[in-house]
Protein chains: 2
Amino acid sequence: MKLPTSTEWLLHAAASLAQLEPGVSASAAQLAEHYGVPAAYLAKQLQALVRAGVLAATTGPRGGFRLARPATAISLLDVVEAVDGAANPYECREIRQQGRGALPAADCRSTCILAVKMAEAHDAWRASLAAVSLADVLATLPETAIPRTRSLLTRG
Amino acid sequence: MKLPTSTEWLLHAAASLAQLEPGVSASAAQLAEHYGVPAAYLAKQLQALVRAGVLAATTGPRGGFRLARPATAISLLDVVEAVDGAANPYECREIRQQGRGALPAADCRSTCILAVKMAEAHDAWRASLAAVSLADVLATLPETAIPRTRSLLTRG
DNA sequence: GATAATGTACTCGGATATGTTGTGTCCGAGTTGTTCTGG
DNA sequence: CCAGAACAACTCGGACACAACATATCCGAGTACATTATC
């Protein structure tokens, strides 16, 4: 069980975009150089956030990516599930109904208890991430961070 | 983020072994046929549970795998982390200290807030799975299930 | 008849191929800001 | 000096190779039981 490496990039990128003034965009190339990551691959992943409705993209000069919603309305879960999908990492294939020890249908009326418990754990994970918004993240940064990010991501 | 398919096999296998009488073992071939899964691959994964101290293995005739501890002392987390590892699926590579926007060392005294929040979510997931033991799983099975499993996994 | 040695069948354990998914890269379509020309 | 059109540069968006891990498989080392020969 491993999240893509790009998850870290996108979380930081979203946090950086949240620090920009409303209406201002930053391009994929800017963000890539800002973090020292491959520009083309970052751009590919940013598209996933656009498809998920977390970011909005604008083409042409002065274009780029910006938040599609206020930072208070974007949770870490929104970002993570945009890049990795919302599926439960545990996939129940009903092996209780297969092989020599297959259970009779009467015993399979309710969901497999193991699948239920694994789903509950996944829900706990999702709830933990859903409780943190980008605004919460920004609130923990030092005072100097936001002006600094704005200046670094503003093109001359 | 996806758990190996074999995770389901091992959870069910551990639950089945927990239903056997103390001291009785079931071989990898038996368990594989019981669930209709590839025997060699299941055996390979069962070894991971042995290395983790969850199962104990015995070679030779009448040998096989059995629980290394009472079912009350084995949690779902023990099984899942034995096969998949205990590492956090989110790996912080400190990109905040890299690239054009690298933060000064003074701002990196404490752990990156994003890594902290991702770790908290992982802890919530682990706590949820650690709270469920194999004995809890067995308690939800119908009365007929345990004698049935014992009879199917007992060799003639 | 009891015992010890032998043989056999069964078990796990690790080393070896293959398929799928994430990783990384490239080029094309579209849009905006700029520049140049004409009135 | 102003307006319009053409141009050019920059942006995203999707299509194309490469690599790492999970998947699947095989054969060898070791052990317990059953058998057999001996005392």
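Chain naming here is simple, since letters A, B, ... match the order of the sequence lines and numbering starts at 1 in each. Note that these values count all heavy atoms, side chains included, but never hydrogens, waters or copies made by symmetry.
When side chains are defined from C-beta on, T154(B) does not count as touching V24(B), because their heavy atoms never get closer than 4.5 Å. In this structure the side chain of V37(B) never reaches within 4.5 angstrom of the side chain of T5(B), judged on heavy atoms. Inter-residue side-chain proximity for L76(B) and V137(B) is flagged as met; some heavy-atom pair is nearer than 4.5 Å. Counting heavy atoms from C-beta on, the side chains of L49(B) and V83(B) never come closer than 4.5 Å. Here the side chains of Q30(A) and S16(A) are not in contact, with every heavy-atom distance at 4.5 Å or above. For the pair H12(A)/C112(B), a side-chain contact is recorded, criterion being any heavy-atom separation below 4.5 Å from C-beta on.
In plain terms, the two heavy atoms of L11(B) and M118(A) that are nearest each other are CD1-SD, 4.1 Å. Here the closest non-hydrogen pair linking G64(A) and S25(A) is C-CB, 3.8 Å.
A salt bridge links D78(A) to R69(A): at least one charged side-chain nitrogen sits closer than 4.0 Å to a carboxylate oxygen. Between E81(B) and R126(B) a salt bridge is recorded (basic side-chain N to carboxylate O distance below 4.0 Å).
Contacts of residues 45-57 of chain B with DNA chain C (heavy atom under 4.0 Å): Q47(B), R51(B), A57(B). Contacts between residues 25-39 of chain B and DNA chain C, defined by a heavy-atom separation under 4.0 Å, are made by S27(B), A28(B).
Annotation for E33(B): atom CD does not count as buried by contact number, only 12 or fewer foreign heavy atoms lying within 6.0 Å.
In this structure A131(A) satisfies the side chain to side chain contact (heavy atoms under 4.5 Å, CB included) test with no other residue, sequence neighbours excluded. Under the rule for a salt bridge (Lys or Arg N to Asp or Glu O under 4.0 Å), K44(B) has no partner lying at least two apart in sequence or in another chain.
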Please list, pair by pair, any protein nitrogen or oxygen found under 3.5 Å from a nitrogen or oxygen in nucleotides 28-33 of chain D.
from    : atom 1 : to     : atom 2 : distance (Å)
dT31(D) : O4'    : T59(B) : OG1    : 3.2

Tabulate atom names and distances for all N/O pairs under 3.5 angstrom spanning the protein and nucleotides 17-21 of chain D.
none

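Looking at the side chain of K44(B), the nearest of the listed nucleotides dA24(D), dA15(D), dC12(D) is dA24(D).
Atom-to-atom, CD of E8(A) to C1' of dT23(C) comes out at 15 Å; the value is rounded to the nearest Å. Nucleotide dT23(D) holds its P atom 8 Å from the CZ atom of R93(A), rounded to whole Å.
For the OP1/OP2 pair of dT25(D) and a distance below 4.0 Å, the side-chain nitrogens and oxygens of Y41(B) include no atom meeting the criterion.
Residue D84(B) is the one, among D84(B) and L42(B), whose nearest nucleotide of DNA chain D lies closer to the 5' end (criterion: closest heavy atom).
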